[in-house]
Every structure is written in C-alpha cells, then in structure tokens.
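Right, I'll just put the structure down here and ask away after.
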Amino acid sequence: MTLVNARAAFEKAVTDTVASADATVKMVYDNTPFTTPSKTVKYIKMSVNFGQSTIQNQGASSDYYAGSIQCNVYVPKTGGTATLSAISEAVINGLTSVNASNYTDSFSCKPRVLDVVGPIPVEIDDTSHFLGIISCQFSANA
C-alpha cells in the first residue's frame with residue numbers, strides 16, 4: 001500500500017460517482033496543477049490530507065493511513081443552489097461508496113470514511129460561484 005494508492009482510491013470513488021451523476025462537472029485535485037475555470041463551469045476541488053501514516057503494533061509498525069478529505073463544490077450562482085445540492089449528493093455518495101460491502105478494492109488499501117459533514121453552503125460576495133464544503137475523516141490500511 002502507498003500514499004498514492006490510498007489517495008487514488010478516494011479520488012476514483014468520488015470522480016466516478018460525480019461523472020455518472022453529471023458528466024459536465026470538472027474534477028480538480030490538490031496534487032495537480034489548477035487554473036480556475038470560467039464562471040459558467042461547475043467544478044469540485046478535492047483535497048486529501050494525511051495526518052497519520054503508520055500504526056505501532058506489538059513489534060514493527062504497519063502502514064495505516066488516516067486523515068481528512070475535503071471537497072469544495074463550486075456551481076455558478078446563475079443556476080441556484082439546487083445544482084449545488086445535486087452535485088453534493090453525488091460527492092457524498094462517492095465518498096461513502098468505499099464503505100459498501102460490494103466495494104471492489106482495486107488499490108489494495110481498504111479505504112474507509114467516517115461521518116461525512118456538509119455540504120456547508122457558503123456564498124462569497126463578488127464571486128460567480130456558490131460554494132459547498134463537504135468533509136470527512138478517512139482511513140486506509142494494508
């Protein structure tokens with residue numbers, strides 16, 4: 001198991017679920033270059049932050065990754081908040097899909113999320129987008 005595999009498991013789960021709900025939503029990841037999309041584009045900025053990388057058992061330590069995931073959902077204000085709600089629902093479904101009994105762990109990292117918080121709606125003055133913040137804690141282990 002690697003940090004890259006753990007990150008990829010969560011990114012793929014969210015990306016696949018969002019794409020099947022609305023193929024026009026652009027995904028942006030914190031570990032890739034980013035240019036702010038135009039004011040008419042719906043997009044999600046996904047950040048995966050690692051707070052722990054091992055667990056100490058009796059003897060040698062084992063890989064155990066834990067941390068937090070934050071997905072910022074941006075939708076044009078011209079479409080209202082219904083679009084924000086729909087995309088946020090897809091993000092939540094993607095995050096929690098790794099906990100399902102039928103989840104296929106193609107990254108060999110046993111990903112899990114804890115309680116999902118949000119979407120917390122934020123209206124920022126002088127911007128063209130509504131923002132919804134969704135976050136959760138996660139774990140992954142070999």
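Along the sequence shown, the residues carry numbers beginning at 1.
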Quick one: do S139 and Y65 satisfy side chain to side chain contact (heavy atoms under 4.5 Å, CB included)? Show the steps, please. CA-CA 5 Å; S139 68; Y65 300 132; over 6 Å; no
Which distance, rounded to the nearest 0.5 Å, do you find between the NZ of K26 and the OG1 of T15?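 Answer rounded to 0.5 Å: 11.5 Å.
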Measuring from atom CG of N49 to atom CZ of R7, what distance do you get when rounded to the nearest 0.5 angstrom?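 Atom-to-atom, N49:CG and R7:CZ are 7.5 Å apart.
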Could you check if a side-chain atom of F50 sits within less than 4.5 angstrom of a side-chain atom of L3, using non-hydrogen atoms only?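 Yes. Closest side-chain heavy atoms under 4.5 Å.
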How far does NZ of K77 sit from CD1 of I124, to the nearest 0.5 angstrom?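 The NZ atom of K77 sits 7.5 Å away from the CD1 atom of I124.
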Give a yes or no answer on whether the side chain of T2 reaches the backbone of N5 with a donor-acceptor pair at less than 3.5 Å.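 Here the side-chain-to-backbone pair exists.
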Sorted by first residue and then second, give each ring pair (Phe, Tyr, Trp, His ring centres under 6.0 Å) pair with at least one member in residues 71-101; sequence neighbours left out.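 Listed once each, the pairs are Y43-Y74.
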V117 side chain reached by I134 side chain, heavy atoms, under 4.5 Å: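 No, their side chains stay 4.5 Å or more apart.
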Close side-chain approach of F10 and M46, heavy atoms under 4.5 Å: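 The answer is yes, as the side chains (C-beta and beyond) meet within the 4.5 Å cut-off.
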Could you check whether any side-chain heavy atom of V18 comes within less than 4.5 Å of a side-chain heavy atom of I44, counting everything from C-beta outward?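 Yes, side chains in contact.
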Residue pairs involving residues 94-105 (criterion side-chain hydrogen bond (donor to acceptor under 3.5 Å, both in side chains); sequence neighbours excluded):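 As it turns out, there is no side-chain hydrogen bond (donor to acceptor under 3.5 Å, both in side chains) pair with a partner in residues 94-105 once direct neighbours are skipped.
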Can you name the residues that form a salt bridge (Lys or Arg N to Asp or Glu O under 4.0 Å) with K42, not counting sequence neighbours?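 K42: salt bridge (Lys or Arg N to Asp or Glu O under 4.0 Å) contacts with D22.
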Is there a side chain to side chain contact (heavy atoms under 4.5 Å, CB included) between I133 and V122 once you walk through the steps? CA-CA 8 Å; I133 301 170; V122 178; 4.1 Å; yes
Single-linkage hydrophobic cluster, 4.5 Å side-chain cutoff, M27 and V73 together: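 M27 clusters together with V73.
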Are side-chain heavy atoms of K45 and Y29 found at a separation under 4.5 Å?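 No, side chains not in contact.
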Within the structure provided, determine whether P119 and I92 are in side-chain contact (heavy-atom separation under 4.5 Å).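 Answer yes - side chains close enough.
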How long is the straight-line distance from CG of L114 back to OG of S68, given to the nearest 0.5 Å?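 With rounding to 0.5 Å, OG (S68) is 11.0 Å from CG (L114).
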Restricting to non-hydrogen atoms, name the atom on P76 and the atom on F130 that form the minimum distance, rounded to 0.1 Å.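 Where P76 meets F130 most closely, the heavy atoms are O-CD1, 4.3 Å.
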Min side-chain heavy-atom separation T17-K12 under 4.5 Å: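 Contact flag for T17/K12 side chains = no.
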Any side-chain heavy-atom pair of V98 and V113 under 4.5 Å: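 Touching, per the 4.5 Å side-chain cut-off.
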Give the minimum heavy-atom separation between D30 and V48, together with the two atoms involved.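 Where D30 meets V48 most closely, the heavy atoms are OD2-N, 3.4 Å.
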Please report the interatomic distance CG(D115) to CD(Q137), rounded to the nearest 0.5 Å.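 If I round to the nearest 0.5 Å, the distance is 9.0 Å.
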Closest heavy-atom contact between A140 and F138?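 Smallest heavy-atom distance, with atoms named: N-CD1, 4.5 Å.
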Which atom names give the shortest non-hydrogen contact between A13 and G94, and what distance separates them?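 So the two residues come closest at CB-O, 3.4 Å.
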Can you tell me how far CG of N31 sits from OG of S47, rounded to the nearest 0.5 angstrom?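 With rounding to 0.5 Å, OG (S47) is 9.0 Å from CG (N31).
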Nearest heavy atoms of F34 and V28, plus distance in Å: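 Nearest heavy atoms, F34 then V28: CD1-CG1, 3.0 Å.
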